[in-house]
Structure formats: structure tokens, C-alpha cells
2 protein chains.
Amino acid sequence: MNISGQAMPTGDGSATQRAYNTLRKMIVTGVLKPGEKLKIDGLRQRLDTGASPIREALSLLTSDNLVERLDQRGFRTAEISAENFNEILTLRCTLEDLALRESIANRTQDWEEDVVLAHHRLRRAKTEGSEAFEEVHKAFHMALLANAQSPILMKFCSQLYDLNIRYRYLAGSALNYQKRDVGEEHSGILEAAIAGNTQEASERLLTHYRLTGEFLSGLLGDGALG
Amino acid sequence: MNISGQAMPTGDGSATQRAYNTLRKMIVTGVLKPGEKLKIDGLRQRLDTGASPIREALSLLTSDNLVERLDQRGFRTAEISAENFNEILTLRCTLEDLALRESIANRTQDWEEDVVLAHHRLRRAKTEGSEAFEEVHKAFHMALLANAQSPILMKFCSQLYDLNIRYRYLAGSALNYQKRDVGEEHSGILEAAIAGNTQEASERLLTHYRLTGEFLSGLLGDGALG
DNA sequence: AATCAATGAAAAATCGATAATATTGAAAGG
DNA sequence: CCTTTCAATATTATCGATTTTTCATTGATT
């Protein structure tokens, strides 16, 4: 398991793992649209690989809730909906809250350093919305939770993070209209966490998520997405 | 998705799905031991099918945390440990508590009938420990949660249920030495749930899990398992 | 006009064979 | 005696071809 807690194949070892990484990115970033039929042959050509790696990668993605498998009728990307989004947001808040509190309860110097480092990288990554930014953003949030010593919980959080970020990508540039100081929000969470201030860290984290959540939820309700 | 909320292939349609169902059962029931190497060729012969369905089934099981995928070194069943067990128990209690409360909050006549029916089938299934019993037992617990209207949460609970039941199977007959009236525990949960008594239902459910949990945890600590 | 069955095309699922990779065990060297 | 190296073996991963299933279209029948 990698740093994010996701059961993500490492690097570019096998064709299956390359396919998994590529497809996951394509779905999360919206290159493959929600509900889109995923034809094996099309993907095979697109990723320049055989059918077996594609099928295996899609099987893995099925259990990440990013792909649906229809018995004998192939695969398609998961649909989006306001209900689905709200479910993700709610679960995320519950599980990350749990993980963060546990993480802080177990806090060690090593963990504090990891979190500070992750935060530094996040600050350095200027362009919000870019692929590089999203990567360090996720890394920061996962680092906060990593000390909970709970691999399954981490995996759930990582999965939910990806499901959520998919909606962020779909909203695209609309998100930039938000008048928020996200950097300030991150710093606040970091400070509270390393100070061992569980309650405040949790509140700040959940607010951080809910602010984006309400905004996206509004877009979904208007039918601006999908 | 089926009644349990698990992303389980339906029936015996494709070879992949048969393989998935069979392998999952074999792992959960301990026919395949924890940490055991899963050689493609061996399974291929054992299940009388090709390598592709086996590999796909194993990929699916990977994301259920029942199988580990080692880059270019094949598959093996997930290891067991006291930490892993405790993590499963803790998460299960948190998530099922959440789901049950939501389920009760949304309660409808249809749901009540579903739960009563599931409970009846559970009572009728005499022989505890048998495969048939375990099936209706899971069905009962999932029925309790089903009304939470939260597919992802259901899937998590179903997954955790299977992970947990695996330890129960490994403990095997040792469990029978417990002096408990499990039937009474189930009835208590049922009554509280359909009466809309959220707090009591939740407490009874968690006690139900923790009683078994403590017992199993004891066995694990003694090194009686694994 | 609507329903149903047959047909052909498209796609998915599966198989068998091959290529790539890891593991094992024996021999050589320190 | 232990470690390292290398070849033989076992196993995984992947490909290309075949089989099976689904889907869409057409034409017949009620």
C-alpha cells in the first residue's frame, strides 16, 4: 500500500498497473465522462495495451466505486448524482473526523514532521486545479490521517477522497469563483493538529470539506453538471 | 448491487463471477488459509476454468481486502492479525451504528417488513455455523442497515462483515463454548429497531458485535489462531 | 400499429499459447 | 561455513484468436 492508503499499484511495473493508474486518473479528472461506456477495444487502443490488463484494471476500479461492472455487458464509469455526492461528503466527514482524531491521539514527532512537510509541499504548489496541485493536496490530507494506524480506514478515506475530487474536476473552473482562502484553511488545520488540539483540528477539517461541498452541491442541484 | 450491498456478481452468469463467488467463500470460510499463496494454475484446475476469470476474480477480491496483490508476484490471501481484527471490529461498530441510526430514522413499513422477514429466516435456520445460517445471518444484519439509503456505506459494512466473519470461521468450533443466547440478542435488536428506539437498537447491536469480538480477540491474543 | 422472432453485427468473455519475471537450488568464490 | 552467482524451473503476465453473449435491425404475424 502506498502513502495515500489506496491499494494502488506501484509505479509502472506491470501493464495492468499502468492501465489502472491511467484509467483512474482519466475517470477522476473527467476525461472519461460519468456513465460512459468503457469499451475494452477502444481503451485497448487508447492505452496501447492488451485486453487482459484493461479488464483487470477495470475490475480493480469497480471496487473503488469508480467503475460499474454489468454482468456480461461490460463496464461503464460510475454515474454521478446529487445523492451520491452528498453521501460521499457525509461519509467523508464522518470517517476523516474519526481518523484525524485517532491520528492526533497517537501523535508522534515523526508524524508531525510528515504533516509539516506535506503542508510545505502543498503551499509550494501554486496552481490550484493542476494535476500536481491535486496530488500534493491529497497527500497533505492523507498525511493528516495516516497516524490513525488503521489501514482499512485509510483506504476508505482515500477512496472517498477520489470520489469527491471527481466532482471537483467536473465542476472545473466554476470552483475558482469561490471567495475563499484555502491556504489559510489548510494552515489552520495543520496548526491545530500538531498542537494536539483535536476538537479544533476536526472542526476546521470538516468546515474545509463542507464549504466546497455546499458549493458543489449547489451546482449539482442546478443541473450545471452532468 | 445485490441485497447485501456487496458488489457481488449476480448468480452464476459468467465464469468470472462464479470464480469470484467461489473464491470469496473459500477465503471467508478458511478453506484458503490466511497468507496462502494463490497460484493461478492451481485455482484454474480447482475451479475448472481459465486463467482470465481467475485473475479477474482475484482482482475484485483484492479491493475487498480479502486478497493481496503483489506486483508481478501473484496473489495471496490477506493475512490475519490481532490488530487487523480489532480494526475491523472498531470500524464495524462505528459504521454499522451510523447506518442503523440512519436506517431507523428513515423507517418505513416496507423496511420493517423486510427486517421482520429476515429475522424470521434467521430464527428458522437452526444450525449455527452452517453455511446456510451464515447467509441468513448476514442478510438479517444487512437488512437492518439497508434503509440508510447509502450504498457506499452499505458496501463498506458488507465488506467489513465478511472480513469479520472470516475470523469467526477461523475460530471454528471454539465459538460454541460461548454461553450466550444469540437468538435473544437478535430479537432484542429487531424489536428496538422496528419500535424506532434508535438508542437501544444501537446499543444492542454494538453489544452483540463486541461480545463475539472480545471472545475472538482473546483467542487471537493467545495465538490460538493463525 | 404493436409485438415478437430471426438475423447479423458488435462487443464481451474466455481460452490457449507465448513472453516476461521471479524463485529455487547448485556450484563457485570468499 | 556463509555468501554470491548463475542457470534451470516455476509462475506470472500478456497477447492474439475463438467462443459466447448482447444489441440493433429487419421482417413477419397478430
Side-chain angles (χ1 to χ4, degrees), chain A residues 1-2 7-24 26-27 31-64 66-79, chain B residues 1-2 7-24 26-27 31-64 66-79:
Chain A
M1 201 169 317
N2 67 8
M8 185 209 288
T10 56
D12 47 9
S14 62
T16 295
Q17 294 174 345
R18 278 197 304 278
Y20 174 82
N21 287 329
T22 308
L23 288 173
R24 189 161 70 91
M26 285 171 81
I27 296 169
V31 175
L32 297 171
K33 302 270 179 306
E36 182 173 343
K37 183 83 207 295
L38 297 172
K39 292 186 195 165
I40 306 292
D41 203 56
L43 296 175
R44 201 186 57 63
Q45 289 181 271
R46 216 160 157 178
L47 306 199
D48 189 35
T49 183
S52 313
I54 298 283
R55 290 187 63 82
E56 264 184 62
L58 290 174
S59 294
L60 291 169
L61 288 164
T62 293
S63 305
D64 291 340
L66 284 170
V67 166
E68 274 178 73
R69 183 197 192 89
L70 299 104
D71 185 28
Q72 241 125 0
R73 261 172 288 175
F75 302 85
R76 60 181 57 228
T77 58
E79 293 282 2
Chain B
M1 199 167 322
N2 68 7
M8 185 209 287
T10 55
D12 49 6
S14 63
T16 296
Q17 294 174 344
R18 277 197 304 278
Y20 174 83
N21 288 329
T22 308
L23 288 173
R24 190 161 70 92
M26 286 170 80
I27 296 169
V31 175
L32 297 171
K33 303 270 178 305
E36 182 173 344
K37 183 84 208 293
L38 298 172
K39 294 184 194 166
I40 305 293
D41 203 54
L43 296 176
R44 201 185 56 64
Q45 289 182 270
R46 218 160 154 178
L47 305 199
D48 188 37
T49 183
S52 313
I54 298 284
R55 289 186 63 81
E56 263 184 65
L58 291 174
S59 294
L60 290 169
L61 288 163
T62 294
S63 306
D64 291 341
L66 284 170
V67 166
E68 272 178 73
R69 184 195 192 92
L70 300 104
D71 187 27
Q72 240 123 0
R73 261 172 289 174
F75 301 86
R76 60 180 57 228
T77 59
E79 294 282 2

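Here is how names work: the chains are called A, B, and so on, in the same order as the sequence lines, proteins then strands, and each is numbered from 1.
No option in A/Leu58, A/Leu70, A/Leu43, A/Leu23 other than A/Leu58 meets the side chain to side chain contact (heavy atoms under 4.5 Å, CB included) test with A/Phe75.
Computed from coordinates, the A/Ile54 CD1 to C/dT14 C1' distance equals 17 Å when rounded to whole Å. Rounded to whole Å, atom P of C/dA12 lies 12 Å from atom CD of B/Glu56. In this structure, A/Gln45 places its CD atom 14 Å from C1' of D/dG16, rounding to the nearest Å. Look at CD on A/Gln17: it is 12 Å from C1' on D/dT12, rounded to the nearest Å. Whole-Å rounding puts the A/Phe75 CZ to C/dA11 C1' distance at 12 Å. Taking atom CZ of residue B/Arg44 and atom P of nucleotide D/dT12, one finds them 12 Å apart after rounding to whole Å. The distance from atom CD1 of A/Ile40 to atom C1' of D/dT22 is 14 Å, rounded to the nearest whole Å. In this structure, A/Asp71 atom CG and D/dT21 atom P are separated by 11 Å, rounded to whole Å.
Here salt bridge (Lys or Arg N to Asp or Glu O under 4.0 Å) pairs that include residues 46-57 of chain B, with residues two or more places apart or in two chains, are A/Arg55-B/Glu56, A/Glu56-B/Arg55, A/Arg69-B/Glu56. Under the salt bridge (Lys or Arg N to Asp or Glu O under 4.0 Å) criterion, the residue pairs touching residues 35-45 of chain A are A/Asp41-A/Arg44, with sequence neighbours excluded.
Closest contact between the side chain of A/Lys39 and the listed nucleotides D/dA13, C/dA11, D/dT14 involves C/dA11. Each of D/dT11, D/dT14, C/dC15 was ranked by its minimum atom distance to the side chain of B/Ser52; first place goes to C/dC15. Among C/dT21, C/dA11, C/dT14, the nucleotide with an atom closest to any side-chain atom of B/Gln72 is C/dT21.
Contact annotation: B/Thr49 does not reach the phosphate of C/dT14 (side-chain N/O to OP1 or OP2, under 4.0 Å). In this structure, A/Arg55 reaches the C/dA13 phosphate: one of its side-chain N or O atoms is under 4.0 Å from OP1 or OP2. The phosphate of D/dT11 has neither OP1 nor OP2 within less than 4.0 Å of any side-chain N or O from B/Lys37.
Taking the side chain as every heavy atom from C-beta outward, B/Arg18 and B/Thr49 never approach each other to under 4.5 Å.
Rounded to 10°, the angle separating the first-five-pair axis and the last-five-pair axis of the helix from C/dA1-D/dT30 to C/dG30-D/dC1 equals 30°.
The nearest pair of heavy atoms linking A/Ala51 to A/Ile40 is CB-CG2, 3.9 Å.
Side-chain N or O atoms of A/Ser63 include none that pairs as donor or acceptor with a backbone N or O of B/Asp64 at under 3.5 Å. Remark: the backbone N or O of B/Lys33 is paired with a side-chain donor or acceptor of B/Thr77 at under 3.5 angstrom.
Within 4.0 Å of B/Leu38, counting heavy atoms only, lie sugar-phosphate atoms of the nucleic acid but no base atom.
Residue-to-nucleotide proximity on DNA chain D shows that, of A/Ala51 and A/Arg73, the 5′-proximal contact is made by A/Ala51.
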